Amino acid sequence: MPIILSTIATSLILAFLLSKVFKIPGKISTLIGVGSSICGGSAIAATAPVIDADDEEVAQSISVIFFFNVLAALIFPYLGTLLGFATDSGEAFGIFAGTAVNDTSSVTACAATWDNMYNLGSETLDKAVTVKLTRTLAIIPITLVLSLVQARKAKKENKEGTKFKFSKVFPFFILYFVLASIITTVASHFGVSTSVFDPIKELSKFLIIWAMAAIGMNTNIVKLVKTGGKPLLLGFCCWIGITGVSLLMQNVMGIW
C-alpha cells in the first residue's frame, strides 16, 4: 500500500504541475495523470465522463498511455534483471510490475514474461495482478473527488439560474462496480463457480472494445499527431516518475 499510494500521488502531482509548465489543457492532463497512476485505459474511460472530456481528449490520452504500456512490457523484464531483482521468487518484480506499469493488460504481459524468463510458473503474475487490482480500486475515491470538483465548477458556471443536479456529474458506474464486486464475492463465498460470470465478462470486454472503437471513429488522427507532443512528454514524465518512486520505495522497504 505505501508503494501504491506513493506512485499514485507522484503521477497526479506531476500531471498537475507539468500541465501548468507545458500549458496542456486540464482535461487531457487529468486523464493522463489518472491513466498513468491507476489503470491506464480503464481509468481514462471511467474518468472521461466525470470531467466531461470529449472524444479527441480521450483518444489522445489513451494513445499516450498505451504507448508507454508497450515500452514497459518490452523493457521492464530486462530492466529488472539489470537492477538485480530476485529471480528465485516473483514477489519483488511482481510488485514492481503491479505499481510501475500503467494498464492491467501490460502488467500481465510484463509479469508473465518474467515468469517465463526464470521458470516461476505464475508466481510473478499472481503477485502483479493482485497489486494492480488493489491499485485499480483508487478509481473509486479519485472519480468521486473529480465529480465533486466538477459539480462545484458546474454550479459556479451556471449563469442561467437553472437548478443544478449533482446526479448529472455523479459517476454512477462506481455503484455498479461495488454492487458487482459484492455479488461475485457473496456468490464465491457460497460455492458458486466464478465461471458462471464468464458470459458477462465476455460481454463487458465486447462493450469496452465497441466504446474504444467509437472514440477512434470520432478522432482526427492528423490533429492528434500534430497536438500530441506535449501530452506525450507529460505521459513520459509521469511514467518515469512512477517507475522511479516504485523502485525507490521497494529499495527502502527491502523488497528486492
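Treat the numbers as computed from the prediction; the structure is a model and nothing was measured.
- Closest non-hydrogen pair, Leu83 versus Trp256, comes out as O-NE1, 3.1 Å.
- Minimum interatomic distance between Phe67 and Leu232 (heavy atoms only, all atoms of both residues): CD2-CD1, 3.9 Å.
- Residues Val64 and Leu234 have side chains not in contact (no heavy-atom distance under 4.5 Å, counting atoms from C-beta outward).
- Note on Leu248 and Met253: separate hydrophobic clusters, where clusters join Ile, Leu, Val, Met, Phe, Trp and Tyr whose side-chain heavy atoms are under 4.5 Å apart, directly or indirectly.
- Heavy-atom minimum distance, Ala112 versus Leu125: N-CD1, 4.5 Å.
- Phe76 places none of its side-chain heavy atoms less than 4.5 Å from the side chain of Thr113.
- Note on Phe96 and Leu133: separate hydrophobic clusters, where clusters join Ile, Leu, Val, Met, Phe, Trp and Tyr whose side-chain heavy atoms are under 4.5 Å apart, directly or indirectly.
- In this structure, CD1 in Ile95 is found 4.0 Å from CD1 in Ile255, a value given to the nearest 0.5 Å.
- A distance-only check finds a donor-acceptor pair linking the side chain of Ser11 to the backbone of Gly33 [under 3.5 Å].
- Between the side chain of Trp239 and the main chain of Ala72, no donor-acceptor pair closer than 3.5 Å is present.
- Counting heavy-atom neighbours within 6.0 Å of Phe197 CZ, excluding the residue itself, gives a total above 12.
- The shortest distance between side-chain heavy atoms of Leu18 and Leu233 does not fall below 4.5 Å.
- Of all the heavy atoms in Thr81 and Met117, the pair that sits closest is OG1-CE, 3.7 Å.
- Taking the side-chain contact (heavy atoms from CB on, under 4.5 Å) definition, one finds that Asp54 meets it with Glu56, Glu57, sequence neighbours left out.
- Residues Leu120 and Val129 do not share a hydrophobic cluster, clusters being chains of Ile/Leu/Val/Met/Phe/Trp/Tyr side chains in contact below 4.5 Å.
- Ile32 places none of its side-chain heavy atoms less than 4.5 Å from the side chain of Ile24.
- In this structure, the separation between OG1 on Thr10 and CG on Leu5 is 10.5 Å, given to the nearest 0.5 Å.
- Rounding to the nearest 0.5 Å places CG of Leu74 at 9.0 Å from SG of Cys110.
- For Lys27 (side chain) and Asp52 (main-chain N/O), a donor-acceptor pair under 3.5 Å exists by modelled atom type.
- The side-chain heavy atoms of Phe85 and Leu247, taken from C-beta on, include a pair separated by under 4.5 Å.
- Contact of the Leu17 side chain with the Ile13 side chain is registered, since non-hydrogen atoms from C-beta on lie closer than 4.5 Å.
- Formation of a donor-acceptor pair under 3.5 Å by the Ser246 side chain with backbone atoms of Ile242 is not found in this model.
- Val58 and Ala53 make their closest contact through CG2-CB, 4.2 Å (heavy atoms, listed as atom of the first residue, atom of the second, distance).
- Leu144 and Val149 are not part of a single hydrophobic cluster, where members link through side-chain heavy atoms under 4.5 Å apart.
- The CD1 atom of Ile8 sits 11.5 Å away from the OG atom of Ser36 when rounded to the nearest 0.5 Å.
- A parallel orientation is assigned to the rings of Phe93 and Trp114, their planes being inclined by less than 30° (bins at 30° and 60°).
- Residues forming a side-chain hydrogen bond (donor to acceptor under 3.5 Å, both in side chains) with Gln250 (at least two apart in sequence, or on another chain): none.
- Between Cys39 and Lys132, some side-chain heavy-atom pair lies under the 4.5 Å cut-off.
- Shown here is Phe16, whose CZ atom has no more than 12 heavy atoms of other residues, nucleotides or ligands within 6.0 Å.
- If you take OG1 on Thr104 and CG on Asn69, they are separated by 9.0 Å, rounding to the nearest 0.5 Å.
- Contact annotation: the side chain of Val34 never approaches that of Ile44 to less than 4.5 Å [non-hydrogen atoms, C-beta and beyond].
- Cluster membership check: Leu14 shares its hydrophobic cluster with Val21, using side-chain heavy-atom separations under 4.5 Å among Ile, Leu, Val, Met, Phe, Trp and Tyr.
- The ring pair (Phe, Tyr, Trp, His ring centres under 6.0 Å) analysis of residues 125-146, with sequence neighbours excluded, yields no pairs.
- Nearest heavy-atom pair across Val196 and Pro199 is O-CD, 3.4 Å.
- A distance of 5.0 Å separates OG of Ser37 from CD1 of Ile142, quoted to the nearest 0.5 Å.
- Listed for the Arg135 side chain is no donor-acceptor partner under 3.5 Å among the backbone atoms of Ile4.
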